[in-house]
Q: 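Please read through the structure below; I'll follow up with questions.
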Number of protein chains: 2
Amino acid sequence: MSVSGKSSDCGNCFTCQTRGKTEWCVLSDDELEIVDQGKVCREYMPGEVIFHEGDDCRGVHCIERGLIGVRKMNAGGNEVLLRISHPGDTMGYRSFLAGDDHNNSAEALEPSVLCFIDGKTVHSLLAMNPALGLRFLRHAAQDLNAAEEKVLQTATLPVRARFAHLLLVLKERYGVVDDNGSLDLELPLSRQDMAAMIGIRPESMSRTIRSFEDDNIAHFSGRRVHVPDVKSLYEELEIPIGL
Amino acid sequence: MSVSGKSSDCGNCFTCQTRGKTEWCVLSDDELEIVDQGKVCREYMPGEVIFHEGDDCRGVHCIERGLIGVRKMNAGGNEVLLRISHPGDTMGYRSFLAGDDHNNSAEALEPSVLCFIDGKTVHSLLAMNPALGLRFLRHAAQDLNAAEEKVLQTATLPVRARFAHLLLVLKERYGVVDDNGSLDLELPLSRQDMAAMIGIRPESMSRTIRSFEDDNIAHFSGRRVHVPDVKSLYEELEIPIGL
DNA sequence: GGGGAAACTTAACGGAGGTCAAGGTGGTTC
DNA sequence: GAACCACCTTGACCTCCGTTAAGTTTCCCC
């Protein structure tokens, strides 16, 4: 778990596997040293919460290992799973930069290791290296596109299409497509988390899964999914039943 | 319409009414001069499109006057109105910064004047003045919060609550609340555009309006709305009927 | 291994809201 | 003023999905 000898369960930014893919890759060695000195790492068990909606936002979290779910809930207690974040992703930078409290919560979905970088350090790095801000800006732009896409889908697509879309998104990271177009997928999410991702109840998730089984679109066994023909998922997206 | 003598219908950045509220307010006079020289302004009539989804994004648009609707549509032709943008807002900066084509479309809802600033100019200003990037970053962070809030609402709130929320948002800019808590509102949107904002069909918009009338929550006459007690709108938001 | 909690599934029911079709209203043009 | 058009409203119908309430399976933890 530990790479440097500095802290019991703390990685080292210079040797971090995810370094090349993160916003921080634009930092010079001197600047990275500042991050490395200032960060605090911790391991989280599944279900453990990294921060809650409404918490004071004191800095950013960078995922070293594991899988994190970002949730948001409303007054009535209803909850959606906005997205899942992976190693290399930096979390909480938006609330931090906007100067707000956290406006969603983060929870470990697998055993995960996160590094916390405090606000003062982030601010001085942003001042020191303008490229860092631009990287975050680009990232925010992409997140925003994804969020607007999700608004559109939630408002206009029926549940089957939203679920097909979710499977297609998960395919990119968790799936294998073979030569004849069949897909095998190992889901990183529980049924209820999948339901929360597409904005439906667990009961509807079960029904949708069964209707996919009945239509021979996909076969589910625990978290293993087999899709005989990926094309059939794309066809689901096209179904013109509007809002 | 024209302030400088430079171009027939082109304003002047130095005297622009919206200047203080925009991202561009961090620019020095020299830098603003670059914007002013490089920009191209144009008037758009209601219904006229500024850019389409999928168009090549060559720069950003800054709204000098008027009201612009930002729309996004899916393969099936269903459309949502993601937000409305006002004088001082800069549009298209996200697609531009992410290096993508436009991923939504912009259409004038009122007679409007927009200034176009080409990509080369924006890039050189970002390089010249890091504070500009940070301002855009903060703006993107706020937009992202709004978009995620909208995902949550669309997925978990019934139509009445979403409509009550829309009226409360429009209240901030277009409404007047008097001493005894009653609200008068002049809607900037047609019924079908309001429907597109909360992700429903025009028929459902009509039905929802009528149910608000029946319950004495709000009274509609064309684009004039009278709400006897603003509290009743807040109460609509709380209704626990979940998704 | 056994017991309990959480996750998942299934079925029956009902209501919110989409669809379709028809009619009303208002604004613009000749 | 007539004709046209877009926008809006209304009603009838029906489907999708939330609700409720069992029941089943899985997974921990003693």
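We name chains A, B, ... by the order of the sequence lines, and we start the count at 1 in each one. Nothing here was measured: the structure is a model prediction, and the numbers come from that model.
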Q: Restricting to side chain to side chain donor-acceptor pair (under 3.5 Å), what partner residues turn up for A/H226, sequence neighbours left out?
A: A/D184
Q: Using a 4.0 Å cut-off on protein heavy atoms (strictly under), produce a 5'-to-3' string for nucleotides 6-11 of chain D with B for base contact, S for backbone-only sugar-phosphate contact, and - for none.
A: -SSBBS
Q: If you measure from CG on A/L152 to CZ on B/R71, what distance do you get to the nearest 0.5 Å?
A: 13.0 Å
Q: Listing time: all N or O pairs from protein to nucleotides 23-28 of chain C that are below 3.5 Å?
A:
none

Q: Do any pairs count as a salt bridge (Lys or Arg N to Asp or Glu O under 4.0 Å) and have a residue in residues 216-232 of chain B, sequence neighbours left out, and if so which ones?
A: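 For residues 216-232 of chain B: B/E186-B/R224.
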Q: Could you state the CG-P distance from B/N78 to C/dG17, rounded to the nearest angstrom?
A: 17 Å
Q: Could you state the atom-to-atom distance from CG of B/L157 to P of C/dG17 in whole Å?
A: 11 Å
Q: Could you work out how much the helix from C/dG1-D/dC30 to C/dC30-D/dG1 bends, comparing the axis of its first five pairs with that of its last five, to 10°?
A: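 The end axes of the helix from C/dG1-D/dC30 to C/dC30-D/dG1 are about 40° apart, to the nearest 10°.
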Q: Is there a side-chain polar atom (N or O) of A/R201 under 4.0 Å from OP1 or OP2 of D/dT19?
A: yes
Q: Among all residues two or more places apart in sequence or in another chain, which pass the side chain to side chain donor-acceptor pair (under 3.5 Å) test with B/E213?
A: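 Listed in chain order: B/H219.
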Q: Name all residues meeting the side chain to side chain donor-acceptor pair (under 3.5 Å) criterion together with B/E48; count only those two or more places apart in sequence or in a different chain, and write none if there are none.
A: B/R42
Q: Test of understanding: with side chain to side chain contact (heavy atoms under 4.5 Å, CB included), list the residues that count as partners of A/V177, not counting sequence neighbours.
A: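 A/V177: side chain to side chain contact (heavy atoms under 4.5 Å, CB included) contacts with A/K171, A/L183, A/V230.
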Q: Please tabulate, for side-chain N and O atoms in residues 205-212 of chain B, each donor-acceptor pair with protein atoms closer than 3.5 Å (sequence neighbours left out).
A:
unit_1, atom_1, unit_2, atom_2, d
B/T208, OG1, B/S204, O, 2.7
B/S211, OG, B/R160, NH1, 3.0
B/S211, OG, B/T208, O, 3.0

Q: Write out all pairs satisfying side-chain hydrogen bond (donor to acceptor under 3.5 Å, both in side chains) with one or both partners inside residues 81-91 of chain A, taking only residues at least two apart or from two chains.
A: A/W24-A/T90, A/R83-B/E148, A/H86-A/R173, A/H86-A/Y174
Q: List for me each residue that meets side chain to side chain contact (heavy atoms under 4.5 Å, CB included) alongside A/N145, sequence neighbours excluded, and say none if there are none.
A: B/R94, B/D100, B/N103
Q: In terms of the angle between their ring planes, are B/F51 and B/H102 parallel, tilted or perpendicular, with boundaries placed at 30° and 60°?
A: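 Aromatic pair B/F51/B/H102 classed parallel.
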Q: How many whole angstroms separate atom CE of A/M45 from atom P of D/dC29?
A: 12 Å
Q: Figure out the CZ/C1' separation between A/R162 and D/dG18, and round it to whole Å.
A: 13 Å
Q: Checking A/D101 now: which residues fulfil side chain to side chain contact (heavy atoms under 4.5 Å, CB included) with it, not counting sequence neighbours?
A: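 Partners of A/D101 by the side chain to side chain contact (heavy atoms under 4.5 Å, CB included) criterion, ordered by chain and then number, come out as A/D56.
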